[in-house]
A.B. asks: 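Below is the structure I would like to discuss, written out as structure tokens.
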Amino acid sequence: MDPDASPIRKRPSFSWLVSEDIELLEAEGATSRGISIIDELNAVYARTGAVQPIRSKVVAAVRELLNSGQREVRIIEIGTRDGTLLRQIGADLVDGGLQAELHGVEFRENLVELARLRASKAKGNMNFHFVERKNLDSLRLGSFDIVFSAFTLHHQSRTEIADLLAQCQRMSRAFVFHLDLDRSLLGAICIWLVYTVLDLSLIHI
């Protein structure tokens, strides 16, 4: 090989998750296939920066609350999967000299166990909760300052979305953030074009 030759640059690649994959994850949670789906999703989010906007919004909201004189801030993520985003936010807060109590909710018990395992060495005070049948009634009115979700709502039916949004508003004392996609043919085409042809990230908030 010519030592002066330029190295070959390999374009990052990932395989697309199809509907059956997401449905399997929703139904089975942290099975071996479910974990591989979660890892693939996390890789896509990392490569595209898709969750960065909500990370920034949550950290800014924590800073605003603490600067206003509030002593403690409680945060909860709805649909936390393996807790990757919550761990990232925890690290962002620690790096910024901020403190908050972090919670994640999931609807499959084995996903909660996976999140706890992966968070065992994470920065920050982190707790994960199992809620059966997507029922958030057990979480008290105004029990959190910040409630958020990322790419969770579009997996739900219209009735479930309406209920989850109402529950998030009920639980929050200050901020509610949702980062998600429109589930439509046009949306799917746009996502395909942006991720593959233009190699950019597409975010709908």
A.B. asks: Taking 4.0 angstrom as the limit, do Arg118 and Asp39 come out as a salt bridge?
C.D. replies: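 Looking at Arg118 and Asp39, the cut-off is met.
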A.B. asks: State whether the side chain of Ser172 and the backbone N or O of Gln169 hold a donor-acceptor pair below 3.5 Å, judged by distance alone.
C.D. replies: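 Side chain of Ser172 to backbone of Gln169: no pair is present.
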A.B. asks: Side chains of Tyr45 and Arg47: does their closest heavy-atom pair fall under 4.5 Å?
C.D. replies: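 No, their side chains stay 4.5 Å or more apart.
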A.B. asks: Would you check if the side chain of Arg173 reaches a backbone N or O of Gly142 as a donor-acceptor pair within less than 3.5 Å?
C.D. replies: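 The answer is yes, because a donor-acceptor pair under 3.5 Å joins these two groups.
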A.B. asks: If hydrophobic clusters are built by linking Ile, Leu, Val, Met, Phe, Trp and Tyr wherever their side-chain heavy atoms come under 4.5 Å apart, do Val73 and Val176 end up in the same one?
C.D. replies: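 Each belongs to a different hydrophobic cluster.
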A.B. asks: Got a second to check how far Arg55's CZ is from Leu179's CG, nearest 0.5 Å?
C.D. replies: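 Answer rounded to 0.5 Å: 12.5 Å.
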A.B. asks: In Å, rounded to the nearest 0.5 Å, how long is the span from CG of Leu98 to CG of Leu93?
C.D. replies: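 So the gap between those two atoms works out to 5.5 Å.
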A.B. asks: In Å, rounded to the nearest 0.5 Å, how long is the span from CD1 of Ile35 to CD of Glu40?
C.D. replies: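 It comes to 14.0 Å.
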A.B. asks: Would you indicate whether Gln167, at its atom CD, is surrounded by more than 12 heavy atoms from other residues, nucleotides or ligands within a distance under 6.0 Å?
C.D. replies: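 Counting neighbours around CD of Gln167, more than 12 heavy atoms of other residues, nucleotides or ligands fall under 6.0 Å, so yes.
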A.B. asks: Using the rule that two of Ile, Leu, Val, Met, Phe, Trp, Tyr join whenever any of their side-chain heavy atoms come within less than 4.5 Å, decide whether Met126 and Leu111 are in one cluster.
C.D. replies: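 Yes, one cluster joins them.
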A.B. asks: Step by step, would you call Arg140 with Met171 a side-chain contact (heavy atoms from CB on, under 4.5 Å)?
C.D. replies: CA-CA 6 Å; Arg140 298 191 312 276; Met171 288 187 291; over 6 Å; no
A.B. asks: Which value, rounded to the nearest 0.5 Å, describes the distance between Asp82 atom CG and Leu114 atom CG?
C.D. replies: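 Here the rounded value is 5.5 Å.
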A.B. asks: According to a 4.5 Å side-chain heavy-atom criterion applied to Ile, Leu, Val, Met, Phe, Trp and Tyr, with indirect links allowed, do Phe128 and Leu139 form part of one hydrophobic cluster?
C.D. replies: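 Cluster IDs for Phe128 and Leu139 differ.
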A.B. asks: Between Phe175 and Phe148, is the ring centre distance below 6.0 Å?
C.D. replies: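 No - the distance between ring centres of Phe175 and Phe148 does not fall below the 6.0 Å cut-off.
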A.B. asks: With sequence neighbours excluded, give me every ring-ring contact (aromatic ring centres under 6.0 Å, His included) pair touching residues 48-103.
C.D. replies: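 Counting only pairs at least two positions apart or across chains, the ring-ring contact (aromatic ring centres under 6.0 Å, His included) contacts touching residues 48-103 are His103-His129, His103-Phe144.
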A.B. asks: Between Gln99 and Leu66, is a side-chain contact (heavy atoms from CB on, under 4.5 Å) present by the stated rule, with each step listed?
C.D. replies: CA-CA 9 Å; Gln99 290 187 344; Leu66 293 176; 5.6 Å; no
A.B. asks: Report the residue from Val147, Ile76, Asp163, Leu153 that forms a side-chain contact (heavy atoms from CB on, under 4.5 Å) with Cys168.
C.D. replies: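 Single pass found, and it is Val147.
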A.B. asks: Taking Thr84's backbone N and O only, do any of them form a donor-acceptor pair with Asn42's side chain (distance below 3.5 Å, no angle check)?
C.D. replies: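 Answer holds: no.
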A.B. asks: Can you tell me which residue pairs pass the side-chain hydrogen bond (donor to acceptor under 3.5 Å, both in side chains) test with a partner in residues 61-70, sequence neighbours excluded?
C.D. replies: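 As it turns out, the side-chain hydrogen bond (donor to acceptor under 3.5 Å, both in side chains) pairs with a partner in residues 61-70, which skip direct neighbours, are Gln70-Asp145.
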A.B. asks: Between Glu28 and Asn110, is there a side-chain donor-acceptor contact under 3.5 Å, judged purely by atom types and distance?
C.D. replies: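 Note: Asn110 and Glu28 side chains miss the donor-acceptor criterion.
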A.B. asks: How close do Ala174 and Leu65 get, heavy atom to heavy atom, and via which atoms?
C.D. replies: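 Residues Ala174 and Leu65, closest heavy atoms: CB-CD2, 4.1 Å.
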A.B. asks: Under the side-chain contact (heavy atoms from CB on, under 4.5 Å) criterion, do Glu106 and Val131 qualify, and how do the steps go?
C.D. replies: CA-CA 6 Å; Glu106 254 304 338; Val131 175; over 6 Å; no
A.B. asks: Val59 and Ile75: same hydrophobic cluster, using ILVMFWY side-chain contacts below 4.5 Å?
C.D. replies: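 Yes, Val59 connects to Ile75 through the hydrophobic network.
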A.B. asks: Does Phe130 belong to the same Ile/Leu/Val/Met/Phe/Trp/Tyr cluster as Ile38, with side-chain heavy atoms less than 4.5 Å apart forming each link?
C.D. replies: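 As far as the 4.5 Å side-chain criterion goes, Ile38 and Phe130 are connected within one cluster.
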A.B. asks: I need the single residue from Leu85, Ile78, Ile54 that forms a side-chain contact (heavy atoms from CB on, under 4.5 Å) with Ser149. Which is it?
C.D. replies: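 Going through Leu85, Ile78, Ile54 one by one, the side-chain contact (heavy atoms from CB on, under 4.5 Å) with Ser149 is satisfied by Ile78 alone.
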A.B. asks: Distance check, rounded to the nearest 0.5 Å: Asn127 atom CG versus Arg116 atom CZ?
C.D. replies: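 Rounded to the nearest 0.5 Å, the CG-CZ separation comes out at 8.5 Å.
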A.B. asks: If I take atom CZ from residue Phe107 and atom CZ from residue Arg81, how far apart are they, to the nearest 0.5 angstrom?
C.D. replies: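 Separation between the atoms: 11.0 Å.
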A.B. asks: Decide side-chain contact (heavy atoms from CB on, under 4.5 Å) for Val105 and Thr80; before the verdict, give the C-alpha distance in whole Å, the side-chain angles of both, and the deciding distance to 0.1 Å.
C.D. replies: CA-CA 6 Å; Val105 163; Thr80 195; over 6 Å; no
A.B. asks: I need the minimum non-hydrogen distance between Gly83 and Ala115, along with the two atoms involved.
C.D. replies: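 Gly83 and Ala115 have their closest heavy atoms at N-CB, 4.0 Å.
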